[in-house]
Amino acid sequence: MTTNTARLFQPFDIRGCRIKNRIFSTGHDTTMPTRGVPNEPLVAYHKARAEGGAGLIIMQVAGVHETARYTSHLIMATTDDCIPGYEAVVAACKPYGTKIFSQLFHPGREIMESQDGTAPVAYAPSAVPNERFHVMPRPMSKRMIKEIIDGYAAAAERLHRAGLDGVEIVASHGYLPAQFLNERTNLRTDEYGGSFENRLRFIREVAEAIRTKVGPDMIVGLRISGDDHDHNGLQESESLAAIIALDDVMDFFNVIAGSSATFAGAVHIAPPMAFANGYVAPFAAAVKAKVKAAVFVAGRINQPQDAEKILASGAADMIGMTRAMICDPDMPRKAEAGKLDDIRACIGCNQACIGHFHLGYPISCIQHPETGRELTYGTRKPLAKKKKILIAGGGPGGMKAAAVASERGHEVILCEAGERLGGQALLAQMLPSRAEFGGIITNLTREVQMGGAEIRTRTKVTRALIEVEKPDALIIATGARPRSALQAGIEGVEGGHVVSAWAALRDEVNIGSSVIIADWRCDWIGMGLAEKLARAGCRVRLCVDGYMAGQRIHQYVRDHWVGELHKLNVEIIPYARLYGVDGDTAYFQHATSGEPIIFEGVDTVVASLGHDSQSELEGEMDGWGGEIHVIGDCLTPRTAEEAVLEGLKATAEI
């Protein structure tokens with residue numbers, strides 16, 4: 001073990017329970033449970049993190065009352081039906097010395113979706129609506145409050161019987177306990193509203209009811225946001241006062257930031273790469289200075305070195321590194337062994353983790369698609385016969401294919417026509433606040449090197465090269481090129497100053513002071529170029545052929561980015577389809593009305609109109625007798641996520 005992570009691997013004792021190290025996985029929805037109970041995919045998911053060295057796993061939210069169903073795939077701890085599933089998780093993880101807690105949950109007004117497509121009734125302390133889901137809740141009766149408090153206790157008792165080590169009351173992100181605590185969402189005039197003590201009563205009674213049910217052995221803690229980043233949310237001073245007042249009934253406080261109730265607050269539920277690493281640690285330090293209970297912290301802590309610094313500062317006792325272990329389940333084990341360069345670092349893109357959750361699919365990772373697919377790809381299939389595999393294209397898909405194939409024992413040659421591996425990720429990392437996306441290149445390159453594949457840059461794969469190398473299998477991952485305005489049939493392109501998004505990003509063309517971005521893709525390219533050019537002093541109008549900028553990227557990334565563009569005075573025009581260019585005039589068509597949208601005084605039109613596959617090699621290989629796989633943008637233009645997944649799939653079975 002190296003000295004620079006020494007504190008991270010010291011054990012931690014809490015209420016007689018020894019956690020083997022300071023790394024924990026925070027409670028997070030996985031979209032894996034079915035029929036309201038933990039199932040085999042969820043067991044395999046948590047087992048992978050336990051095997052990888054996590055000291056503690058806090059399982060996702062478990063509903064404590066029928067009115068807690070905020071999604072259609074919530075675990076419900078309201079009956080004994082949940083116990084076998086939890087027992088299976090414990091049995092899978094305990095051999096690795098990992099402790100298991102679970103979150104206890106009621107969302108209050110924060111209802112995301114219904115069970116059957118009809119709008120449900122949401123219950124909260126008072127009839128105060130939220131901004132994000134546009135829910136108007138019904139005030140809870142005192143009878144319902146008592147039922148829900150009893151529900152927390154009964155759920156905790158079931159988890160105790162299932163063998164879990166602890167429970168965490170979720171008061172973070174503006175959920176029900178926070179709604180009681182917040183004087184702007186709690187307008188009650190009975191004993192649960194009004195004074196600070198009354199607004200604190202719900203959380204205190206929940207904690208006391210749980211303790212009565214589970215006895216002295218089980219760990220009971222509270223997750224709470226310091227700053228909700230919400231115009232009507234809790235501020236750090238209010239959260240800190242509540243934490244201090246509850247110190248006598250909690251074994252730990254797990255601090256975070258943000259609120260589900262607003263667009264600005266929700267971004268902090270899974271903060272994207274635009275946020276600084278470990279940015280919640282200062283609030284954790286403020287809590288640590290005031291309480292006797294243990295302090296846990298999370299929030300963009302994706303590297304063991306960052307976690308070590310927070311521990312060294314005395315700001316917290318345990319470090320939440322959830323997305324770090326979604327990206328690399330073996331991160332703790334690698335860090336303890338001093339193999340820091342071998343860690344596949346999370347880049348905070350949110351695309352396949354919480355992005356999948358919001359789409360209703362099991363979570364995964366664009367860099368490590370084995371996550372969430374442990375039952376299919378968690379173990380490499382043994383080789384029946386060693387083969388020679390040639391891979392054309394060194395983007396993320398080609399690199400993943402090379403890494404997996406070589407790890408399994410095949411002889412692998414990875415060829416890249418350019419000077420560097422990385423493909424379009426080399427462009428993505430050039431945009432403002434997107435430099436961290438380049439981590440996918442660093443991580444996959446390291447995996448290719450560790451597997452032992454031969455890497456050849458400046459090498460274009462041709463039929464002649466293949467005839468010389470005589471591989472058993474060819475994987476074509478040659479990517480895509482920008483679709484030009486001329487190819488897209490845009491009128492007047494020859495007479496106007498129209499440039500491609502790639503050329504603008506690479507600073508290969510002169511850009512005037514008044515810029516229109518024609519964004520057909522509605523993804524990170526248009527938004528990133530808008531920010532880049534606005535910061536360079538241009539007047540920027542972002543015309544998106546969709547209903548919003550960033551329509552195809554994860555909402556937390558998009559919502560934060562839209563705010564940044566607003567501060568930069570970027571004008572966003574939705575439903576705008578590029579039609580033609582005439583001198584300094586750009587013509588768009590409204591996507592639904594068909595009416596013209598005309599912009600005059602335009603110096604430059606930047607065209608982000610999608611990509612065309614570079615699939616020429618596939619055509620060259622007609623009649624070749626070897627095995628051929630076509631993956632990524634070469635198959636059809638999409639994103640890095642699909643390319644990496646297809647690289648895995650192509651080589652998992654060869």
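Starting from 1, each residue takes its place in the sequence as its number. Both backbone and side-chain heavy atoms feed into the values below; hydrogens, waters and symmetry mates do not.
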My understanding is that only residues two or more places apart in sequence, or in another chain, count here; which of them pass side chain to side chain donor-acceptor pair (under 3.5 Å) with [X]?
| X | answer |
| --- | --- |
| His28 | Tyr45 |
| Tyr175 | none |
| Asn21 | none |

Charged N to carboxylate O below 4.0 Å: is that the case for [X] and [Y]?
| X | Y | answer |
| --- | --- | --- |
| Arg18 | Asp13 | yes |
| Lys94 | Asp165 | yes |
| Glu436 | Arg300 | yes |
| Lys142 | Asp190 | no |

Closest non-hydrogen atom pair, Val135 against Ile111: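 The answer is CG2-O, 3.9 Å.
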Val644 and Gln367: CA distance, side-chain angles, deciding distance, side-chain contact (heavy atoms from CB on, under 4.5 Å) verdict: CA-CA 7 Å; Val644 174; Gln367 299 189 75; 5.8 Å; no
Do the side-chain N and O atoms of [X] and [Y] include a donor-acceptor pair separated by under 3.5 angstrom?
| X | Y | answer |
| --- | --- | --- |
| Gln555 | Arg132 | yes |
| Asn198 | Glu191 | no |
| Asn277 | Gln303 | no |
| Ser195 | Arg201 | no |

Do [X] and [Y] have side-chain heavy atoms sitting under 4.5 Å apart?
| X | Y | value |
| --- | --- | --- |
| Thr26 | Ile58 | no |
| Gln60 | Pro33 | yes |
| Ile256 | Val297 | no |
| Ser260 | Ile269 | yes |

Salt bridge (Lys or Arg N to Asp or Glu O under 4.0 Å) pairs, two or more places apart, involving residues 56-80: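 Every pair satisfying salt bridge (Lys or Arg N to Asp or Glu O under 4.0 Å) with a residue in residues 56-80: Glu66-Arg69, Asp80-Arg158, Asp80-Arg161.
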side-chain contact (heavy atoms from CB on, under 4.5 Å) assessment of Asp306 paired with Ile319: CA-CA 10 Å; Asp306 295 327; Ile319 309 296; over 6 Å; no
Residues forming a side chain to side chain contact (heavy atoms under 4.5 Å, CB included) with Cys349, sequence neighbours excluded: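 Result, side chain to side chain contact (heavy atoms under 4.5 Å, CB included) vs Cys349: Met273, Ile347, Gln351, Ile366, Phe437.
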Heavy atoms of other groups near Arg638 CZ, more than 12 under 6.0 Å: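 Atom CZ in Arg638 is crowded, with more than 12 foreign heavy atoms closer than 6.0 Å.
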Derivation and outcome, side-chain contact (heavy atoms from CB on, under 4.5 Å), residues Lys20 and Lys99: CA-CA 8 Å; Lys20 67 179 182 179; Lys99 304 302 180 184; over 6 Å; no
ring-ring contact (aromatic ring centres under 6.0 Å, His included) contacts touching residues 107-149 (sequence neighbours left out):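 Checked against ring-ring contact (aromatic ring centres under 6.0 Å, His included) - neighbours excluded - no pair reaches residues 107-149.
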Determine, using ring centers only, whether [Y] and [X] are less than 6.0 Å apart.
| X | Y | value |
| --- | --- | --- |
| His268 | Tyr279 | yes |
| His73 | Phe357 | yes |
| Phe101 | Phe24 | no |
| His106 | Tyr152 | no |

Sole residue of His356, Glu370, Arg373 in side-chain hydrogen bond (donor to acceptor under 3.5 Å, both in side chains) with Ser364: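 Going through the options one by one, the only one that passes is Arg373.
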Under 3.5 Å: donor-acceptor pair, side chain of Ser259, backbone of Ala261: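 Judged by distance alone, yes, a pair lies under 3.5 Å.
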Whether His554 and His358 hold their rings parallel, tilted or perpendicular, with breakpoints at 30° and 60°: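 Geometry flag for His358 against His554: parallel rings.
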